[in-house]
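In what follows, a structure is listed as structure tokens, so that the remarks can point back to it.
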Amino acid sequence: MSGEAAAGGGGEANGVQPNVTIYINNLNEKIKLEALKKSLNAVFSQFGKIIEVLAFKTLKHKGQAWVVFEDVASATEALKRMQDFPFYDKPMKIQYAKTKSDVIAKADGTFVPREKRKRNDEKPEKKQKREQHHDVNQAGVGMHAYPGAYGAPPLSQLPFGAGPKVMMPEIIVPNNILFVQELPHDATALMLQMFFCQYPGFKEVRMIEAKPGIAFVEYGDEGQATAAMNLLQGFKIKENPMRITYAKK
DNA sequence: AGCACA
């Protein structure tokens with residue numbers, strides 16, 4: 001038992017090799033793209049720097065997204081930790097992406113512009129003749145140029161189009177104030193705010209100095225609080241999943 | 001289910 005078995009449970013189960021980009025599917029298709037990307041960014045940024053988040057509306061790509069990290073370690077951590085995480089009421093399924101993301105290829109100089117990709121309506125009369133004589137890999141792109149880098153997330157828009165499908169255990173009285181437990185004891189209000197502030201109606205995070213590990217998060221109304229709770233329920237700020245309930249009145 | 005880079 002050398003204890004080095006951690007690598008076995010990763011993403012090689014389906015033959016895909018580790019990649020700085022993770023491929024996520026089983027995402028809730030009702031969520032608008034912008035909100036989806038914003039939430040993915042918020043939820044995954046804890047694992048490392050995110051270069052880009054990509055998602056598309058087309059039929060073939062609904063419910064899927066790509067999150068490009070700066071390094072493989074972050075991607076691996078994200079893959080393991082967020083596997084089956086209930087995101088907009090659906091457990092997200094995460095794998096390593098099969099191929100290198102363009103933004104990465106551009107940064108390391110291996111980017112080759114694809115000529116025919118989007119127009120898949122072209123008739124497949126000839127499929128050989130690869131034009132490899134164009135030396136396009138000398139793109140001369142700056143190494144740390146990340147054209148699609150994810151900037152500061154605007155939080156003016158409503159992330160939620162989904163109805164308040166609450167996963168409530170039993171008899172619970174909704175409240176516009178949430179009670180958050182099992183936080184890491186060194187969690188700060190500012191840290192929590194990063195997660196809770198992205199949902200509509202967010203007002204403030206309050207922490208009790210005498211009681212580490214808990215917080216109150218206030219929203220404008222119960223529906224808003226419920227929506228935020230649903231997304232962040234069980235989310236791991238550090239190691240342990242936080243527990244969110246309605247605060248008692 | 002589905003691996004792209006609008």
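By convention in this document, chain letters (A, B, ...) are assigned in the order of the sequence lines, proteins followed by strands, and residues within each chain are numbered from 1.
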Does A:Phe56 lie flat on the base of B:dA4, that is, centres under 5.5 Å apart and planes under 30° off? no
Over all strands shown, is A:Lys100 touching base, sugar-phosphate only, or nothing at heavy-atom distances under 4.0 angstrom? base
Output the rounded distance in Å from CD (A:Glu52) to P (B:dA6). 8 Å
Answer yes or no: is there a side-chain heavy-atom contact under 4.5 Å between A:Ile22 and A:Phe44? yes
Salt bridge A:Glu77-A:Lys236, side-chain N to carboxylate O under 4.0 Å: no
Separation of B:dC5 P from A:Ile51 CD1 (nearest whole Å): 19 Å
Among B:dA6, B:dG2, B:dC5, which is the nearest nucleotide to the side chain of A:Leu33? B:dA6
Provide, to the nearest angstrom, the distance between the CD atom belonging to A:Gln64 and the P atom belonging to B:dA1. 11 Å
With DNA chain B as reference, determine whether A:Asp102 or A:Glu29 sits nearer its 5' end, using the nearest nucleotide of each. A:Glu29
Report the distance from atom CD1 of A:Ile94 to atom C1' of B:dG2, rounded to the nearest whole Å. 17 Å
Distance check needed: B:dA6 P versus A:Trp66 CH2, whole Å only. 12 Å
With heavy atoms under 4.0 Å as the rule, sort A:Lys57 into base, sugar-phosphate or nothing. nothing
From OH of A:Tyr23 over to C1' of B:dC5, roughly how many Å is that when rounded to an integer? 14 Å
Does any donor-acceptor pair link the side chain of A:Ser101 with the base of B:dA4 at a separation under 3.5 Å? yes
Any luck finding a side-chain donor-acceptor pair between A:Tyr96 and A:Gln17 under 3.5 Å? no
Which nucleotide in the set B:dC3, B:dC5, B:dG2 lies at the smallest distance from any side-chain heavy atom of A:Leu54? B:dC5
Rounded to whole angstroms, how far apart are CG on A:Leu59 and C1' on B:dA1? 11 Å
Among A:Asp108, A:Thr21, A:Val20, find the residue that satisfies the side-chain contact (heavy atoms from CB on, under 4.5 Å) test when tested with A:Lys100. A:Asp108
Tell whether A:Gln95 reaches the base of B:dC3 with its side chain through a donor-acceptor pair below 3.5 angstrom. yes
Note, A:Tyr219 side chain near A:Thr226 side chain (heavy atom, < 4.5 Å): no
Over how many whole Å does the gap from A:Lys60 atom NZ to B:dA6 atom P extend? 16 Å
